[in-house]
2 protein chains.
Amino acid sequence: MSEGAGLQPDTCGCGPWTTLSGGSPCRIEDDHQANAFLANEAGQRTASANEMISGHREGERRCFRVLDGVVRLVRIFPDGQRQVARFAFPGDFVGLTASERELTCEAVTDTTVLEYDAERLERISDCNPHLARQLARALRDGVDQNVEHVRLLGRRSARQRLALFLKSLHGELGLGDLVPLPMARADIADHVGLTAETVSRAFAELKRRRVLMEIDRNLVRLDLSALTSLADET
Amino acid sequence: MSEGAGLQPDTCGCGPWTTLSGGSPCRIEDDHQANAFLANEAGQRTASANEMISGHREGERRCFRVLDGVVRLVRIFPDGQRQVARFAFPGDFVGLTASERELTCEAVTDTTVLEYDAERLERISDCNPHLARQLARALRDGVDQNVEHVRLLGRRSARQRLALFLKSLHGELGLGDLVPLPMARADIADHVGLTAETVSRAFAELKRRRVLMEIDRNLVRLDLSALTSLADET
DNA sequence: CGGTAGGTTGAAAGGGGTCAAGTTGTGTGG
DNA sequence: CCACACAACTTGACCCCTTTCAACCTACCG
(Lines give C-alpha, C1' and ligand atoms only; values in the text may rest on other atoms or scores of the structure.)
Protein backbone atom coordinates (compact mmCIF):
# COMPACT_ATOMS: atom_id res chain seq x y z
CA MET A 1 0.00 0.00 0.00
CA SER A 2 1.37 3.30 -1.06
CA GLU A 3 0.68 5.21 2.10
CA GLY A 4 0.58 2.60 4.80
CA ALA A 5 -3.12 1.96 5.00
CA GLY A 6 -4.12 -0.11 7.96
CA LEU A 7 -6.16 -3.24 8.06
CA GLN A 8 -9.46 -1.88 9.25
CA PRO A 9 -12.42 -3.10 7.23
CA ASP A 10 -13.05 0.39 5.89
CA THR A 11 -9.75 2.15 5.40
CA CYS A 12 -11.02 4.58 2.82
CA GLY A 13 -13.86 5.71 5.01
CA CYS A 14 -16.32 5.44 2.18
CA GLY A 15 -19.96 5.27 2.99
CA PRO A 16 -22.27 2.62 1.62
CA TRP A 17 -22.94 2.30 -2.11
CA THR A 18 -25.16 5.12 -3.25
CA THR A 19 -26.47 6.16 -6.61
CA LEU A 20 -24.95 9.16 -8.32
CA SER A 21 -28.20 11.03 -7.98
CA GLY A 22 -27.95 10.76 -4.22
CA GLY A 23 -30.62 8.13 -3.83
CA SER A 24 -30.84 5.63 -1.03
CA PRO A 25 -28.09 3.05 -0.40
CA CYS A 26 -28.27 -0.03 -2.55
CA ARG A 27 -28.82 -3.13 -0.42
CA ILE A 28 -27.03 -2.36 2.78
CA GLU A 29 -26.98 -6.03 3.66
CA ASP A 30 -24.37 -6.50 0.93
CA ASP A 31 -21.84 -4.83 3.17
CA HIS A 32 -22.67 -7.08 6.05
CA GLN A 33 -22.44 -10.01 3.74
CA ALA A 34 -19.01 -9.00 2.53
CA ASN A 35 -17.72 -8.08 5.94
CA ALA A 36 -18.86 -11.39 7.25
CA PHE A 37 -17.07 -13.01 4.37
CA LEU A 38 -13.90 -11.06 4.96
CA ALA A 39 -13.93 -11.87 8.64
CA ASN A 40 -15.17 -15.44 8.61
CA GLU A 41 -14.07 -17.00 5.37
CA ALA A 42 -10.57 -15.70 5.58
CA GLY A 43 -8.26 -18.34 6.91
CA GLN A 44 -5.49 -16.82 8.97
CA ARG A 45 -2.20 -18.48 8.33
CA THR A 46 1.36 -18.17 9.44
CA ALA A 47 4.53 -19.03 7.60
CA SER A 48 8.10 -18.96 8.83
CA ALA A 49 10.90 -17.31 6.90
CA ASN A 50 11.53 -18.73 3.42
CA GLU A 51 8.50 -20.96 3.59
CA MET A 52 6.35 -21.15 0.49
CA ILE A 53 2.91 -19.66 1.04
CA SER A 54 1.43 -20.57 -2.31
CA GLY A 55 3.05 -22.37 -5.19
CA HIS A 56 2.34 -21.42 -8.75
CA ARG A 57 0.00 -23.95 -10.20
CA GLU A 58 -2.63 -23.79 -12.86
CA GLY A 59 -5.91 -22.39 -11.64
CA GLU A 60 -4.58 -21.17 -8.32
CA ARG A 61 -7.52 -19.46 -6.66
CA ARG A 62 -6.19 -18.26 -3.37
CA CYS A 63 -5.24 -14.68 -2.74
CA PHE A 64 -3.87 -13.15 0.43
CA ARG A 65 -3.57 -10.06 2.49
CA VAL A 66 -0.39 -9.62 4.47
CA LEU A 67 -1.05 -9.00 8.14
CA ASP A 68 2.49 -9.10 9.45
CA GLY A 69 5.89 -9.73 7.95
CA VAL A 70 7.18 -9.47 4.39
CA VAL A 71 6.54 -11.77 1.46
CA ARG A 72 8.06 -11.98 -2.00
CA LEU A 73 6.45 -12.94 -5.29
CA VAL A 74 8.86 -15.04 -7.28
CA ARG A 75 8.95 -16.23 -10.85
CA ILE A 76 11.41 -18.85 -12.08
CA PHE A 77 12.20 -18.76 -15.78
CA PRO A 78 12.47 -22.02 -17.69
CA ASP A 79 16.24 -21.58 -17.78
CA GLY A 80 16.35 -21.32 -14.00
CA GLN A 81 16.78 -17.57 -13.73
CA ARG A 82 14.88 -16.15 -10.79
CA GLN A 83 12.95 -12.91 -10.60
CA VAL A 84 11.34 -11.31 -7.58
CA ALA A 85 8.34 -9.56 -9.12
CA ARG A 86 7.58 -7.64 -5.96
CA PHE A 87 7.69 -7.57 -2.21
CA ALA A 88 4.47 -7.23 -0.25
CA PHE A 89 4.20 -5.60 3.15
CA PRO A 90 1.54 -5.47 5.86
CA GLY A 91 -1.73 -4.30 4.37
CA ASP A 92 -0.86 -5.34 0.82
CA PHE A 93 -3.03 -7.71 -1.14
CA VAL A 94 -1.35 -10.51 -3.05
CA GLY A 95 -2.79 -12.51 -5.92
CA LEU A 96 -5.68 -10.26 -6.90
CA THR A 97 -4.97 -10.87 -10.57
CA ALA A 98 -4.58 -14.14 -12.43
CA SER A 99 -1.09 -13.22 -13.59
CA GLU A 100 0.01 -12.63 -10.03
CA ARG A 101 -1.43 -15.97 -8.98
CA GLU A 102 1.00 -17.61 -11.37
CA LEU A 103 3.85 -16.45 -9.18
CA THR A 104 5.22 -18.29 -6.20
CA CYS A 105 4.53 -16.51 -2.94
CA GLU A 106 7.18 -17.01 -0.27
CA ALA A 107 7.71 -15.64 3.21
CA VAL A 108 10.76 -13.41 3.52
CA THR A 109 10.37 -13.09 7.27
CA ASP A 110 8.06 -14.90 9.63
CA THR A 111 4.68 -13.92 8.31
CA THR A 112 0.98 -14.07 8.99
CA VAL A 113 -1.52 -13.62 6.18
CA LEU A 114 -5.26 -13.74 5.65
CA GLU A 115 -6.25 -16.16 2.94
CA TYR A 116 -9.21 -15.72 0.56
CA ASP A 117 -10.72 -17.40 -2.43
CA ALA A 118 -9.95 -14.96 -5.23
CA GLU A 119 -12.87 -15.76 -7.50
CA ARG A 120 -15.31 -15.72 -4.66
CA LEU A 121 -13.92 -12.39 -3.49
CA GLU A 122 -14.45 -11.05 -6.97
CA ARG A 123 -17.96 -12.44 -7.17
CA ILE A 124 -18.91 -10.92 -3.88
CA SER A 125 -17.39 -7.61 -4.86
CA ASP A 126 -19.72 -7.64 -7.85
CA CYS A 127 -22.53 -7.25 -5.35
CA ASN A 128 -20.80 -5.22 -2.69
CA PRO A 129 -19.72 -1.78 -3.76
CA HIS A 130 -17.74 -1.19 -0.59
CA LEU A 131 -15.62 -4.26 -1.14
CA ALA A 132 -15.40 -3.45 -4.85
CA ARG A 133 -13.96 -0.04 -4.06
CA GLN A 134 -11.46 -1.47 -1.62
CA LEU A 135 -10.30 -4.07 -4.13
CA ALA A 136 -10.14 -1.52 -6.93
CA ARG A 137 -7.89 0.56 -4.72
CA ALA A 138 -5.67 -2.41 -3.98
CA LEU A 139 -5.55 -3.10 -7.69
CA ARG A 140 -4.46 0.48 -8.36
CA ASP A 141 -1.83 0.23 -5.65
CA GLY A 142 -0.56 -2.89 -7.37
CA VAL A 143 -0.40 -1.06 -10.67
CA ASP A 144 1.53 1.76 -9.07
CA GLN A 145 4.01 -0.67 -7.53
CA ASN A 146 4.52 -2.31 -10.89
CA VAL A 147 4.99 1.08 -12.54
CA GLU A 148 7.67 1.88 -9.98
CA HIS A 149 9.33 -1.45 -10.61
CA VAL A 150 9.39 -0.82 -14.34
CA ARG A 151 10.88 2.60 -13.74
CA LEU A 152 13.57 1.00 -11.61
CA LEU A 153 14.38 -1.68 -14.16
CA GLY A 154 14.59 0.97 -16.84
CA ARG A 155 17.61 2.55 -15.21
CA ARG A 156 20.72 1.00 -16.60
CA SER A 157 23.32 1.51 -13.88
CA ALA A 158 23.50 -0.70 -10.82
CA ARG A 159 23.87 2.31 -8.51
CA GLN A 160 20.64 3.88 -9.67
CA ARG A 161 18.70 0.64 -9.53
CA LEU A 162 19.76 0.12 -5.96
CA ALA A 163 19.08 3.76 -5.13
CA LEU A 164 15.54 3.55 -6.47
CA PHE A 165 14.95 0.29 -4.64
CA LEU A 166 16.14 1.76 -1.35
CA LYS A 167 13.96 4.78 -1.94
CA SER A 168 10.83 2.69 -2.37
CA LEU A 169 11.78 0.53 0.57
CA HIS A 170 12.22 3.68 2.61
CA GLY A 171 8.68 4.61 1.66
CA GLU A 172 7.40 1.25 2.83
CA LEU A 173 9.41 0.53 5.95
CA GLY A 174 11.64 3.55 6.58
CA LEU A 175 11.89 5.14 10.01
CA GLY A 176 13.65 8.46 9.69
CA ASP A 177 16.91 7.75 7.93
CA LEU A 178 16.88 4.08 8.88
CA VAL A 179 15.65 1.48 6.42
CA PRO A 180 15.28 -2.17 7.41
CA LEU A 181 16.40 -4.71 4.85
CA PRO A 182 14.37 -7.80 5.72
CA MET A 183 15.27 -9.55 2.46
CA ALA A 184 18.56 -11.12 1.42
CA ARG A 185 20.92 -9.58 -1.11
CA ALA A 186 19.98 -12.27 -3.59
CA ASP A 187 16.33 -11.24 -3.26
CA ILE A 188 17.23 -7.63 -3.92
CA ALA A 189 19.37 -8.70 -6.85
CA ASP A 190 16.60 -10.74 -8.43
CA HIS A 191 14.22 -7.83 -7.91
CA VAL A 192 16.36 -5.11 -9.48
CA GLY A 193 17.72 -7.28 -12.27
CA LEU A 194 21.33 -7.67 -11.10
CA THR A 195 23.44 -10.33 -9.44
CA ALA A 196 24.00 -10.48 -5.70
CA GLU A 197 27.66 -9.61 -6.23
CA THR A 198 26.82 -6.47 -8.16
CA VAL A 199 24.29 -5.46 -5.52
CA SER A 200 26.96 -5.86 -2.88
CA ARG A 201 29.37 -3.71 -4.87
CA ALA A 202 26.67 -1.12 -5.44
CA PHE A 203 26.05 -0.94 -1.68
CA ALA A 204 29.77 -0.35 -1.18
CA GLU A 205 29.84 2.34 -3.83
CA LEU A 206 26.83 4.10 -2.33
CA LYS A 207 28.64 4.16 0.96
CA ARG A 208 31.77 5.58 -0.70
CA ARG A 209 29.60 8.29 -2.21
CA ARG A 210 28.20 9.13 1.24
CA VAL A 211 24.69 8.17 0.18
CA LEU A 212 24.64 5.39 2.74
CA MET A 213 26.09 6.12 6.14
CA GLU A 214 25.95 2.64 7.62
CA ILE A 215 25.39 -0.72 6.03
CA ASP A 216 24.32 -3.66 8.08
CA ARG A 217 23.01 -6.95 6.80
CA ASN A 218 19.46 -6.03 7.72
CA LEU A 219 19.56 -2.28 8.13
CA VAL A 220 20.96 0.78 6.39
CA ARG A 221 21.17 4.41 7.41
CA LEU A 222 20.85 6.67 4.41
CA ASP A 223 20.89 10.29 3.34
CA LEU A 224 17.51 10.55 1.65
CA SER A 225 18.26 13.71 -0.30
CA ALA A 226 21.56 12.33 -1.56
CA LEU A 227 19.75 9.14 -2.48
CA THR A 228 17.11 11.04 -4.41
CA SER A 229 19.60 13.10 -6.35
CA LEU A 230 21.66 10.02 -7.14
CA ALA A 231 18.58 8.29 -8.49
CA ASP A 232 18.04 11.26 -10.78
CA GLU A 233 21.59 11.79 -12.00
CA THR A 234 23.31 10.39 -15.02
CA MET B 1 -6.17 -5.76 -23.90
CA SER B 2 -4.86 -9.22 -23.51
CA GLU B 3 -7.15 -10.97 -25.93
CA GLY B 4 -8.19 -8.26 -28.32
CA ALA B 5 -11.51 -7.20 -26.84
CA GLY B 6 -13.48 -4.91 -29.06
CA LEU B 7 -14.97 -1.57 -28.24
CA GLN B 8 -18.56 -2.55 -27.70
CA PRO B 9 -20.08 -1.07 -24.56
CA ASP B 10 -20.38 -4.50 -23.00
CA THR B 11 -17.45 -6.60 -24.10
CA CYS B 12 -17.58 -8.95 -21.16
CA GLY B 13 -21.20 -9.80 -21.75
CA CYS B 14 -22.04 -9.41 -18.08
CA GLY B 15 -25.59 -9.00 -17.10
CA PRO B 16 -26.81 -6.21 -14.86
CA TRP B 17 -25.62 -5.89 -11.27
CA THR B 18 -27.24 -8.54 -9.18
CA THR B 19 -26.86 -9.60 -5.61
CA LEU B 20 -24.96 -12.78 -4.82
CA SER B 21 -28.12 -14.37 -3.53
CA GLY B 22 -29.67 -13.99 -6.95
CA GLY B 23 -31.93 -11.09 -6.06
CA SER B 24 -33.28 -8.54 -8.47
CA PRO B 25 -31.02 -6.20 -10.46
CA CYS B 26 -29.85 -3.15 -8.62
CA ARG B 27 -31.00 0.02 -10.37
CA ILE B 28 -30.91 -0.83 -14.01
CA GLU B 29 -30.90 2.85 -14.88
CA ASP B 30 -27.31 3.03 -13.63
CA ASP B 31 -26.23 1.20 -16.74
CA HIS B 32 -28.06 3.60 -18.99
CA GLN B 33 -26.53 6.47 -17.07
CA ALA B 34 -23.00 5.12 -17.54
CA ASN B 35 -23.51 4.21 -21.15
CA ALA B 36 -24.80 7.66 -21.81
CA PHE B 37 -21.75 9.04 -20.08
CA LEU B 38 -19.38 6.84 -22.03
CA ALA B 39 -21.03 7.78 -25.29
CA ASN B 40 -21.73 11.45 -24.73
CA GLU B 41 -19.10 12.80 -22.40
CA ALA B 42 -16.23 11.17 -24.20
CA GLY B 43 -14.54 13.59 -26.52
CA GLN B 44 -13.26 11.85 -29.59
CA ARG B 45 -9.88 13.06 -30.62
CA THR B 46 -7.33 12.36 -33.31
CA ALA B 47 -3.58 12.76 -33.21
CA SER B 48 -1.07 12.29 -35.96
CA ALA B 49 2.09 10.22 -35.55
CA ASN B 50 4.47 11.42 -32.82
CA GLU B 51 2.01 14.02 -31.61
CA MET B 52 1.64 14.36 -27.87
CA ILE B 53 -1.81 13.35 -26.67
CA SER B 54 -1.40 14.30 -23.04
CA GLY B 55 1.60 15.78 -21.31
CA HIS B 56 2.56 14.76 -17.84
CA ARG B 57 1.49 17.50 -15.50
CA GLU B 58 0.43 17.56 -11.90
CA GLY B 59 -3.19 16.63 -11.39
CA GLU B 60 -3.78 15.38 -14.91
CA ARG B 61 -7.34 14.13 -14.93
CA ARG B 62 -7.87 12.87 -18.44
CA CYS B 63 -7.79 9.24 -19.35
CA PHE B 64 -8.28 7.68 -22.77
CA ARG B 65 -9.37 4.67 -24.62
CA VAL B 66 -7.59 3.91 -27.86
CA LEU B 67 -9.99 3.53 -30.77
CA ASP B 68 -7.52 3.24 -33.60
CA GLY B 69 -3.75 3.37 -33.92
CA VAL B 70 -1.00 2.83 -31.40
CA VAL B 71 0.14 5.09 -28.56
CA ARG B 72 3.14 4.97 -26.25
CA LEU B 73 3.40 5.98 -22.61
CA VAL B 74 6.72 7.70 -22.06
CA ARG B 75 8.66 8.74 -19.00
CA ILE B 76 11.70 10.98 -19.20
CA PHE B 77 14.11 10.66 -16.31
CA PRO B 78 15.65 13.83 -14.86
CA ASP B 79 18.94 12.91 -16.55
CA GLY B 80 17.23 12.74 -19.93
CA GLN B 81 16.99 8.96 -20.21
CA ARG B 82 13.78 7.91 -21.87
CA GLN B 83 11.58 4.95 -21.02
CA VAL B 84 8.54 3.68 -22.88
CA ALA B 85 6.43 2.27 -20.08
CA ARG B 86 4.03 0.57 -22.44
CA PHE B 87 2.35 0.63 -25.78
CA ALA B 88 -1.43 0.79 -25.96
CA PHE B 89 -3.48 -0.69 -28.78
CA PRO B 90 -7.11 -0.38 -29.90
CA GLY B 91 -9.39 -1.21 -27.00
CA ASP B 92 -6.84 -0.41 -24.33
CA PHE B 93 -7.50 2.13 -21.63
CA VAL B 94 -4.76 4.62 -20.81
CA GLY B 95 -4.43 6.68 -17.65
CA LEU B 96 -6.78 4.77 -15.38
CA THR B 97 -4.35 5.16 -12.48
CA ALA B 98 -2.71 8.30 -11.14
CA SER B 99 0.75 6.90 -11.73
CA GLU B 100 -0.01 6.31 -15.37
CA ARG B 101 -1.37 9.82 -15.71
CA GLU B 102 2.10 11.08 -14.82
CA LEU B 103 3.43 9.65 -18.06
CA THR B 104 3.46 11.42 -21.37
CA CYS B 105 1.07 9.87 -23.86
CA GLU B 106 2.21 10.13 -27.47
CA ALA B 107 0.84 8.83 -30.75
CA VAL B 108 3.05 6.24 -32.41
CA THR B 109 0.91 6.12 -35.52
CA ASP B 110 -2.00 8.31 -36.54
CA THR B 111 -4.45 7.71 -33.77
CA THR B 112 -7.97 8.33 -32.61
CA VAL B 113 -8.89 8.08 -28.94
CA LEU B 114 -11.88 8.63 -26.71
CA GLU B 115 -11.17 11.05 -23.91
CA TYR B 116 -12.69 10.89 -20.41
CA ASP B 117 -12.40 12.59 -17.09
CA ALA B 118 -10.70 9.98 -14.94
CA GLU B 119 -12.11 11.02 -11.59
CA ARG B 120 -15.58 11.38 -12.95
CA LEU B 121 -15.32 7.96 -14.54
CA GLU B 122 -14.32 6.57 -11.20
CA ARG B 123 -17.13 8.36 -9.39
CA ILE B 124 -19.69 7.08 -11.80
CA SER B 125 -18.29 3.57 -11.57
CA ASP B 126 -18.90 3.77 -7.84
CA CYS B 127 -22.58 3.78 -8.71
CA ASN B 128 -22.58 1.66 -11.81
CA PRO B 129 -21.56 -1.93 -11.31
CA HIS B 130 -21.38 -2.62 -15.01
CA LEU B 131 -18.91 0.16 -15.61
CA ALA B 132 -17.07 -0.79 -12.44
CA ARG B 133 -16.58 -4.32 -13.70
CA GLN B 134 -15.40 -3.10 -17.08
CA LEU B 135 -12.88 -0.74 -15.49
CA ALA B 136 -11.73 -3.40 -13.03
CA ARG B 137 -11.08 -5.64 -15.96
CA ALA B 138 -9.12 -2.94 -17.77
CA LEU B 139 -7.18 -2.40 -14.56
CA ARG B 140 -6.37 -6.10 -14.38
CA ASP B 141 -5.33 -6.10 -18.02
CA GLY B 142 -3.02 -3.21 -17.21
CA VAL B 143 -1.55 -5.14 -14.32
CA ASP B 144 -0.96 -8.13 -16.55
CA GLN B 145 0.76 -5.98 -19.16
CA ASN B 146 3.00 -4.52 -16.49
CA VAL B 147 3.77 -7.98 -15.17
CA GLU B 148 4.80 -9.03 -18.66
CA HIS B 149 6.95 -5.94 -18.99
CA VAL B 150 8.67 -6.68 -15.71
CA ARG B 151 9.25 -10.25 -16.82
CA LEU B 152 10.80 -8.93 -20.03
CA LEU B 153 13.06 -6.44 -18.25
CA GLY B 154 14.17 -9.17 -15.89
CA ARG B 155 15.83 -11.07 -18.72
CA ARG B 156 19.41 -10.03 -19.05
CA SER B 157 20.30 -10.78 -22.66
CA ALA B 158 19.28 -8.50 -25.52
CA ARG B 159 18.10 -11.45 -27.63
CA GLN B 160 15.65 -12.63 -25.01
CA ARG B 161 14.33 -9.17 -24.33
CA LEU B 162 13.61 -8.66 -27.99
CA ALA B 163 12.15 -12.16 -28.28
CA LEU B 164 9.73 -11.53 -25.43
CA PHE B 165 8.78 -8.16 -26.86
CA LEU B 166 8.07 -9.65 -30.27
CA LYS B 167 6.05 -12.38 -28.64
CA SER B 168 3.81 -9.93 -26.81
CA LEU B 169 3.53 -7.79 -29.93
CA HIS B 170 2.54 -10.89 -31.83
CA GLY B 171 -0.21 -11.41 -29.30
CA GLU B 172 -1.46 -7.86 -29.82
CA LEU B 173 -1.07 -7.29 -33.53
CA GLY B 174 0.19 -10.53 -35.07
CA LEU B 175 -1.44 -12.01 -38.14
CA GLY B 176 -0.21 -15.54 -38.63
CA ASP B 177 3.57 -15.33 -38.64
CA LEU B 178 3.57 -11.64 -39.56
CA VAL B 179 4.00 -9.00 -36.88
CA PRO B 180 3.70 -5.30 -37.68
CA LEU B 181 6.21 -3.02 -36.02
CA PRO B 182 4.44 0.33 -35.91
CA MET B 183 7.00 1.83 -33.53
CA ALA B 184 10.55 2.95 -34.22
CA ARG B 185 13.62 1.01 -33.09
CA ALA B 186 14.32 3.68 -30.51
CA ASP B 187 10.85 3.14 -29.04
CA ILE B 188 11.47 -0.58 -28.80
CA ALA B 189 14.87 0.08 -27.26
CA ASP B 190 13.45 2.41 -24.60
CA HIS B 191 10.76 -0.16 -23.86
CA VAL B 192 13.00 -3.18 -23.43
CA GLY B 193 15.81 -1.28 -21.68
CA LEU B 194 18.45 -1.35 -24.41
CA THR B 195 19.88 1.06 -26.95
CA ALA B 196 18.60 1.30 -30.50
CA GLU B 197 21.90 -0.08 -31.80
CA THR B 198 21.67 -3.15 -29.60
CA VAL B 199 18.08 -3.70 -30.69
CA SER B 200 19.20 -3.53 -34.29
CA ARG B 201 21.95 -6.04 -33.66
CA ALA B 202 19.54 -8.30 -31.78
CA PHE B 203 17.20 -8.25 -34.78
CA ALA B 204 20.12 -9.29 -36.98
CA GLU B 205 21.09 -12.07 -34.61
CA LEU B 206 17.52 -13.38 -34.43
CA LYS B 207 17.52 -13.55 -38.21
CA ARG B 208 20.83 -15.39 -38.21
CA ARG B 209 19.33 -17.87 -35.76
CA ARG B 210 16.34 -18.40 -38.09
CA VAL B 211 13.93 -17.04 -35.50
CA LEU B 212 13.04 -14.16 -37.80
CA MET B 213 12.60 -14.95 -41.46
CA GLU B 214 12.23 -11.43 -42.80
CA ILE B 215 12.93 -8.08 -41.24
CA ASP B 216 11.43 -4.94 -42.62
CA ARG B 217 11.34 -1.56 -40.99
CA ASN B 218 7.69 -1.99 -40.04
CA LEU B 219 7.10 -5.71 -40.35
CA VAL B 220 8.74 -8.99 -39.40
CA ARG B 221 7.96 -12.56 -40.29
CA LEU B 222 8.81 -14.90 -37.46
CA ASP B 223 8.86 -18.52 -36.40
CA LEU B 224 6.70 -18.41 -33.30
CA SER B 225 7.85 -21.71 -31.85
CA ALA B 226 11.50 -20.82 -32.36
CA LEU B 227 10.79 -17.45 -30.77
CA THR B 228 9.15 -19.07 -27.77
CA SER B 229 11.95 -21.51 -27.18
CA LEU B 230 14.53 -18.75 -27.54
CA ALA B 231 12.71 -16.68 -24.93
CA ASP B 232 12.92 -19.64 -22.57
CA GLU B 233 16.52 -20.69 -23.15
CA THR B 234 19.61 -19.66 -21.31
C1' DC C 1 17.88 14.81 -57.17
C1' DG C 2 19.51 15.98 -52.78
C1' DG C 3 18.25 16.31 -47.83
C1' DT C 4 16.96 14.14 -43.74
C1' DA C 5 15.34 10.85 -40.37
C1' DG C 6 15.61 6.27 -39.25
C1' DG C 7 18.26 2.12 -39.46
C1' DT C 8 22.45 -0.73 -39.76
C1' DT C 9 27.17 -1.85 -39.01
C1' DG C 10 31.94 -1.29 -37.08
C1' DA C 11 35.54 -0.50 -33.43
C1' DA C 12 36.70 0.59 -28.89
C1' DA C 13 35.73 0.99 -23.99
C1' DG C 14 33.31 0.30 -19.78
C1' DG C 15 30.20 -2.04 -16.77
C1' DG C 16 28.27 -6.06 -15.00
C1' DG C 17 28.49 -11.22 -15.09
C1' DT C 18 30.94 -15.18 -13.63
C1' DC C 19 33.83 -17.86 -10.90
C1' DA C 20 36.55 -18.22 -6.99
C1' DA C 21 38.43 -16.98 -2.60
C1' DG C 22 37.90 -14.63 1.58
C1' DT C 23 35.14 -12.59 5.52
C1' DT C 24 31.48 -12.01 8.76
C1' DG C 25 28.07 -13.52 11.72
C1' DT C 26 24.74 -16.55 13.52
C1' DG C 27 23.20 -20.72 15.48
C1' DT C 28 24.25 -25.23 17.26
C1' DG C 29 26.48 -28.68 19.92
C1' DG C 30 30.06 -29.92 22.87
C1' DC D 1 31.08 -20.41 27.26
C1' DC D 2 33.65 -21.64 23.49
C1' DA D 3 34.28 -23.74 19.00
C1' DC D 4 32.78 -25.20 14.91
C1' DA D 5 29.79 -25.21 10.80
C1' DC D 6 27.23 -23.13 7.61
C1' DA D 7 25.03 -19.52 5.27
C1' DA D 8 25.16 -14.90 3.83
C1' DC D 9 27.84 -11.38 2.32
C1' DT D 10 32.01 -9.18 0.40
C1' DT D 11 35.92 -8.66 -2.52
C1' DG D 12 39.00 -9.73 -6.40
C1' DA D 13 40.24 -11.02 -11.27
C1' DC D 14 38.86 -11.85 -15.72
C1' DC D 15 35.85 -11.94 -19.65
C1' DC D 16 31.85 -10.97 -22.36
C1' DC D 17 28.10 -8.17 -23.63
C1' DT D 18 26.22 -3.86 -24.12
C1' DT D 19 27.12 0.94 -24.65
C1' DT D 20 29.17 4.59 -26.99
C1' DC D 21 30.65 7.07 -30.86
C1' DA D 22 31.15 7.11 -35.57
C1' DA D 23 30.46 6.16 -40.36
C1' DC D 24 27.49 4.45 -43.58
C1' DC D 25 23.22 2.92 -45.79
C1' DT D 26 18.33 3.30 -47.21
C1' DA D 27 13.80 5.01 -47.86
C1' DC D 28 10.98 8.71 -48.10
C1' DC D 29 9.79 13.62 -49.08
C1' DG D 30 10.47 17.92 -50.64
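Here is how names work: the chains are called A, B, and so on, in the same order as the sequence lines, proteins then strands, and each is numbered from 1.
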Q: Confirm from the modelled atom types if Arg156(A) and dT20(D) form a donor-acceptor pair under 3.5 Å, side chain to base only.
A: no

Q: Look at the side chain of Thr195(B) and decide which nucleotide, out of dT20(D), dC9(D), dT18(D), has an atom nearest to it.
A: dT20(D)

Q) In whole angstroms, how far is the P atom of dG7(C) from the CG atom of Leu162(B)? A) 13 Å

**Q.** Side-chain heavy atoms of Leu206(B) within contact of Leu162(B), under 4.5 Å
**A.** yes

Q. Roughly, in whole Å, what's the span from CG in Asn50(A) to P in dC6(D)?
A. 18 Å

**Q.** Whole-Å gap separating C1' (dA27(D)) and CZ (Arg185(B))
**A.** 13 Å

Q. To the nearest Å, how far apart are Met183(A) CE and dC9(D) C1'?
A. 16 Å

Q.
Among dG17(C), dC9(D), dT26(D), which nucleotide has an atom closest to any side-chain atom of Leu194(A)?
A. dG17(C)

Q) When you match Ala158(A) and Arg217(A) each to their closest nucleotide on DNA chain C, which lands nearer the 5' end? A) Ala158(A)

Q: Select one nucleotide: of dT26(D), dT9(C), dC9(D), the one nearest the side-chain heavy atoms of Ala204(B).
A: dT9(C)

Q.
Rounded to whole Å, how long is the line connecting atom CG of Asn218(B) with atom P of dA5(C)?
A. 18 Å

Q) Is the Lys NZ or Arg CZ of Arg208(A) less than 6.0 Å from the centre of Phe203(A)'s six-membered ring, within 45° of the axis? A) no

Q) Has the side chain of Arg201(A) got a donor or acceptor that lies under 3.5 Å from a partner of the other kind on the base of dG12(D)? A) yes

Q. To the nearest Å, how far apart are Asp216(B) CG and dA27(D) P?
A. 9 Å

**Q.** Short side-chain to backbone donor-acceptor contact, Gln81(A) and Arg75(A), under 3.5 Å
**A.** no

**Q.** Under 3.5 Å donor-acceptor, Gln83(A) side chain and Val150(B) backbone
**A.** yes

Q. Where each residue is assigned the nucleotide of DNA chain D containing its nearest heavy atom, which of Thr198(B) and Ala196(A) is assigned the position nearer the 5′ end?
A. Ala196(A)

Q.
Looking at the base of dC9(D), is there any donor atom on it, or on the side chain of Glu197(A), that sits under 3.5 Å from an acceptor on the other one?
A. no

Q) Which whole-number value in Å describes the distance from Ile215(B) CD1 to dT26(D) C1'? A) 15 Å

Q: Using a heavy-atom cut-off of under 4.0 Å over every strand shown, decide if Arg159(B) touches base, sugar-phosphate, or nothing.
A: sugar-phosphate

(Q) Between P on dG16(C) and CD on Glu205(A), what's the gap in Å once rounded to a whole number? (A) 8 Å

Q: Look at Ser200(A) and dT10(D) and indicate whether a side-chain polar atom (N or O) is within less than 4.0 Å of OP1 or OP2.
A: yes

Q: Determine the interplanar angle of the His191(B) and His149(B) rings, folded into 0 to 90°, and report it as parallel if under 30°, tilted if 30 to 60°, perpendicular if over 60°.
A: parallel

